[in-house]
2 protein chains.
Amino acid sequence: MQFTKAEEYGVFGVLYLAEKDSSLVTPLSEISEAQGIPEKFLAKIFQSLSKAGIVRSHRGVRGGFTLSKKANEITIKEILETIQGPYHLMKCVSSMSECDRSEKINGYCALRELLVIAEKQLVDVFEGHTLADLLAWQRANQIPH
Amino acid sequence: MQFTKAEEYGVFGVLYLAEKDSSLVTPLSEISEAQGIPEKFLAKIFQSLSKAGIVRSHRGVRGGFTLSKKANEITIKEILETIQGPYHLMKCVSSMSECDRSEKINGYCALRELLVIAEKQLVDVFEGHTLADLLAWQRANQIPH
DNA sequence: TTCTTCGGCTTTTGTAAACTGCACTAGCAG
DNA sequence: CTGCTAGTGCAGTTTACAAAAGCCGAAGAA
């Protein structure tokens, strides 16, 4: 019932890109160091994000990553699901067949019913917020120097 | 980002008690067999539920468990939290000090902000439903014989 | 007192997250 | 075209925790 490090790192990594000018290509090493994330682990995460079209990779000298869309077009949901796959509170939520219990009580599972509701609430929050929202919050709370 | 087996077993176990007449003392072995749950594992779970005052244990011959409150007075939240402890999507949600990242960005964490919102939605669902609700759903969907 | 069932603690097992390493490839710079 | 840099892809290793099993003791009914 917790977020994985991969998800956490993914959001922070992408958020770091969003903080900068969108034309700036940023290497993994910089993100990794700035955010305190193991570089190879972050590489794996960004590979997924790259394939999903959330970030764009640039190889060669002075290569790195940029966002491939505007920050307000990237929902938190899509970042999380890219990294972890569709999250489900229980396996059976996605497909009834996953539930080894269902036959025993006439094919109906009350807990599943509740989890579907709960999950919907969660997803709505993540779908209803974009990178731009997080960025705005962060800027509003940054201590001015 | 998933429920543990302990939580799942806990809800099904308590729900099984709720299905029966409230005066009936039901031994673990019966619940365990009926629900397909390892008995010793269920014992551990029910120990917590007993301490939390959700179920009441009866030792000795023909002992077992009963609900210690009415089904409509037992929220799903209290079952889940008893078994697993307060669930948090990230450690830092409970207390800022848990966040090793907060200093780096001026003590503010945008992801945390979002998770607090998301968590609130989840908790509301679990707090807003009781065992009686699950029981009612189950009965409404039982295939009549 | 004896059998039954829960109580508490310890240990084992299994699995997935978290992280590491290496060989390879694409691309830019000079 | 040479050489360096940074991402790609896959195959490990380590670690942590969930899940389960085991053992002995305590409480309670017959």
Side-chain angles (χ1 to χ4, degrees), chain A residues 1-14 17 24-33 35-68 80 83-85 87-91 100-101, chain B residues 1-14 17 24-33 35-68 80 82-85 87-91 100:
Chain A
M1 200 48 204
Q2 267 208 184
F3 267 53
T4 62
K5 284 286 176 190
E7 288 171 298
E8 183 186 327
Y9 292 162
V11 173
F12 283 122
V14 175
L17 287 184
L24 249 64
V25 177
T26 310
L28 268 182
S29 56
E30 181 186 328
I31 307 173
S32 157
E33 194 180 355
Q35 296 291 317
I37 302 170
E39 187 171 337
K40 283 304 293 183
F41 195 15
L42 190 61
K44 198 173 144 195
I45 296 165
F46 265 63
Q47 233 168 286
S48 309
L49 293 171
S50 173
K51 280 180 184 167
I54 295 171
V55 300
R56 187 161 135 60
S57 77
H58 305 261
R59 307 226 272 196
V61 179
R62 297 198 50 78
F65 291 90
T66 53
L67 292 186
S68 60
L80 297 178
I83 296 171
Q84 211 66 11
Y87 38 80
H88 290 297
L89 299 178
M90 257 172 67
K91 279 171 302 184
D100 37 322
R101 190 172 309 277
Chain B
M1 198 50 202
Q2 267 207 182
F3 266 54
T4 61
K5 284 285 177 190
E7 289 171 298
E8 182 186 327
Y9 292 163
V11 173
F12 283 123
V14 175
L17 287 185
L24 250 63
V25 177
T26 310
L28 268 182
S29 57
E30 180 186 330
I31 308 173
S32 158
E33 193 181 356
Q35 296 292 317
I37 302 171
E39 188 171 336
K40 281 307 290 183
F41 195 15
L42 190 61
K44 197 173 143 196
I45 296 165
F46 265 63
Q47 230 169 292
S48 309
L49 295 171
S50 172
K51 281 180 184 169
I54 294 171
V55 299
R56 186 161 138 62
S57 78
H58 306 260
R59 308 224 272 199
V61 178
R62 296 200 50 78
F65 290 90
T66 52
L67 292 186
S68 60
L80 297 178
T82 294
I83 296 170
Q84 209 65 9
Y87 38 81
H88 290 295
L89 299 177
M90 257 172 66
K91 279 171 300 182
D100 36 325

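Computation of the quantities below employed the complete heavy-atom set of this structure, encompassing side-chain atoms and omitting hydrogens, waters and symmetry-equivalent molecules. A note on names: the letters A, B, ... follow the listed sequences, proteins ahead of strands, and every chain is numbered from 1.
- Within a 6.0 Å sphere centred on CD of B:Gln2, other residues, nucleotides and ligands contribute more than 12 heavy atoms.
- If you take CD of B:Gln2 and P of C:dT15, they are 15 Å apart, rounded to a whole angstrom.
- Mapping A:Glu7 and B:Phe65 onto DNA chain C by nearest heavy atom places B:Phe65 at the nucleotide closer to the 5' end.
- Put simply, CG on B:Leu28 is 11 Å from C1' on C:dG7, counting in whole angstrom units.
- Among the protein residues, B:Gly60 comes within range of the nucleic acid bases, having at least one heavy atom under 4.0 Å from a base atom.
- Following rounding to the nearest Å, B:Phe41 (CZ) and D:dC17 (C1') show an atom-to-atom distance of 11 Å.
- Between the NZ atom of B:Lys5 and the P atom of C:dT13 there is a distance of 21 Å, rounded to whole Å.
- Closest to the side chain of A:Ser50, out of D:dT8, C:dC19, D:dG28, is D:dT8.
- Nearest heavy-atom pair across A:Tyr9 and A:Leu42 is O-CD1, 4.2 Å.
- Mapping A:Gly63 and A:Lys44 onto DNA chain D by nearest heavy atom places A:Gly63 closer to the 5' end of the strand.
- Inspection of the A:Thr4 and A:Glu7 side chains reveals an N or O donor paired with an N or O acceptor under 3.5 Å.
- Residue B:Ser57 places none of its side-chain N or O atoms closer than 4.0 Å to OP1 or OP2 of C:dT5.
- Note: CD1 (B:Ile37) to C1' (D:dA18) measures 16 Å, nearest angstrom.
- Atom pair A:Leu49:CG and D:dG7:C1' shows a separation of 14 Å (rounding to whole Å applied).
- The side chain of B:Gln47 lies closest to C:dG7, out of C:dT20, C:dG7, D:dT8.
- Per the geometry, NZ belonging to A:Lys40 stands 14 Å off P belonging to C:dC24, to the nearest Å.
- A distance-only check finds a donor-acceptor pair linking the side chain of A:Ser68 to the backbone of A:Gly53 [under 3.5 Å].
- When the nucleotides C:dA18, D:dG7, C:dG8 are ranked by their closest atom to the side chain of A:Thr4, C:dA18 comes out on top.
- Separating the CD atom of B:Glu39 from the P atom of D:dG22 is a distance of 12 Å, rounded to the nearest angstrom.
- With distances taken from any side-chain atom of B:Pro38 to the nucleotides D:dA21, C:dG7, D:dA18, the minimum falls on D:dA21.
- Here the side chain of B:Ser32 pairs no donor or acceptor atom with the backbone of B:Pro38 at under 3.5 angstrom.
- Put simply, A:Lys51 has a side-chain N or O that comes within less than 4.0 Å of OP1 or OP2 on D:dG9.
- Between D:dA19 and B:Tyr9, no contact under 4.0 Å exists linking OP1 or OP2 to a side-chain N or O.
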